[in-house]
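One structure is given below, encoded as structure tokens.
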2 protein chains.
Amino acid sequence: MQLFNSLSQIINISTELEKALTSFISKKSFKKNEFLLRADEYCNSLYFVEKGSLRGFYFHEEKEITNWFALEGDFGTSFYPFISKTRSYENIQALEDVEVSVLNNTELKKLYSDFPETEKLGRIILEDYYSKLEERLINIQFKSAKERYSNLMENRPQIIQRVPLGHLASYLGITQETLSRIRAGN
Amino acid sequence: MQLFNSLSQIINISTELEKALTSFISKKSFKKNEFLLRADEYCNSLYFVEKGSLRGFYFHEEKEITNWFALEGDFGTSFYPFISKTRSYENIQALEDVEVSVLNNTELKKLYSDFPETEKLGRIILEDYYSKLEERLINIQFKSAKERYSNLMENRPQIIQRVPLGHLASYLGITQETLSRIRAGN
DNA sequence: TTTATTTTTTGATATAGATCAAAAACTTTG
DNA sequence: CAAAGTTTTTGATCTATATCAAAAAATAAA
């Protein structure tokens, strides 16, 4: 379970904590294009991608807007609803056949209570998610479409290889036509 | 102290809690254009505006970008650094002569410990800040400059009356020239 | 393997906003 | 009150991206 490897880079995992994690965490599989979460449902789960890829997206004026991708080794959830316990505006969808480890927020709370060192996990997830949102805003506001694509090529090339270009374009905040032109070097 | 009025709409304030708050909270005044925080400092304080106005801003490629304004009754801080205890990239500046109530994060932690009901305060601040960041992203990405100005006119007209137009333009993500054209109806 | 559907690319055109410059209006300083 | 400095507005021009349409390429279904 790759999740343990990731966690042990964040916090020290005692034997007791490992037992608790093992009992709390479940494994789930989804087929390509299946939904893990649909908008308007409550988002109670934090997903860790063991294999495959996910995206979070919502509709804006009848267009699909992709907010995030998660590949192997990444956490994914509809973050704000997860924290605030409100209905999600986002959908979460498998882009490929996917295996995820799942932790729900009741169990996460219990982990925080029983193992205070796991609060660091929560804080790191919060900070990571928050800084990604800020980065997204900065990219949309200050970088050209071409720059955004170049940055993604440098930082997360696997996404470009594994994700349909329509989803990629919506994540970058541009149309498919514009993305094609950038890729063609025009 | 208007802060108590605001707080008592969020949580029930016991006598003990009121005493603790009174001893923790300090009052500060700043002159117009004075800085409450400069970039690269640690941001340990949560400000509540009793009178006047504040803005949070940072520099991007030698331009000032305003992130937020706070008027009477609003909280203001450089949020992410406040939570993550890292150096701030933002400055906080008084736009007018200002009086603020100040709570620092050590005291806030103590409040959370001694009065668990105050965790709700922290959660509400977090949610408020987060949803404002998402709203900002949505505005920048999907709304025209004119729509952004119109929304602000409807939702927070006092800002337009009290804030220099240069700061307003940078908050809206447009140039001063464009803001002038919108205001002129061209 | 062929046909149908979907995804991606290319062509042509329109536009919101940036940029640069200068003028006008307002505020600060002496 | 006048001069200097700053803020705001207006004019002219340019450009990145959207939009609409159609063609090409790739994938899915029969």
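Proteins come first, then strands; the chains are lettered A, B, ... in the order of their sequence lines, and each starts at number 1. Computed from heavy atoms alone, side chains included, the values below leave out hydrogens, waters and symmetry copies.
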| With sequence neighbours excluded, what pairs up with B/D128 under the side chain to side chain donor-acceptor pair (under 3.5 Å) test? | B/K132
| task | Summarise protein proximity over nucleotides 11-30 of chain D in one line of letters, 5' to 3': B for base, S for sugar-phosphate only, - for none, counting protein heavy atoms closer than 4.0 Å. | result | BB----SSBBB---------
| field | Within residues 152-168 of chain B, residues whose heavy atoms come under 4.0 Å of DNA chain C | value | none
| query | What nucleotide, of D/dT9, C/dT7, C/dT10, holds the atom closest to the side chain of A/Q176? | reply | C/dT7
| Atom CG of A/N33 to atom P of C/dT5: distance rounded to whole Å? | 18 Å
| Is there a path from B/F79 to B/L111 through hydrophobic residues (I, L, V, M, F, W, Y) whose side chains come within less than 4.5 Å of each other? | yes
| Which pair of non-hydrogen atoms, one from A/E90 and one from A/T77, has the smallest distance, and what is that distance? | OE1-O, 4.3 Å
| said: Quick test of your reading: applying ring pair (Phe, Tyr, Trp, His ring centres under 6.0 Å), list the pairs with at least one residue in residues 160-186 of chain B, sequence neighbours left out, ordered by first then second residue. | reply: B/F69-B/Y171
| said: Donor-acceptor pair, distance only, cut-off 3.5 Å: does the side chain of B/S170 make one with the backbone of B/T66? | reply: yes
| request: Whole angstrom is fine here: how far is it from CG in B/L172 over to P in C/dA16? | output: 17 Å
| request: Return each pair, listed once, that meets side chain to side chain donor-acceptor pair (under 3.5 Å) where at least one residue sits in residues 144-164 of chain B; pairs must be two or more places apart or across chains. | output: B/E72-B/R162, B/D74-B/R156, B/E96-B/R162, B/S144-B/E147, B/Y149-B/R183
| More than 12 foreign heavy atoms under 6.0 Å from CE of B/M153: is that the case here? | no
| query | Between B/E64 (CD) and D/dT7 (C1'), how many Å, whole number? | reply | 13 Å
| Interatomic distance, B/L95 CG vs C/dT27 P [rounded to whole Å] | 16 Å
| said: According to side chain to side chain donor-acceptor pair (under 3.5 Å), does anything in residues 31-42 of chain A pair up with another residue at least two apart or in another chain? List the pairs. | reply: none
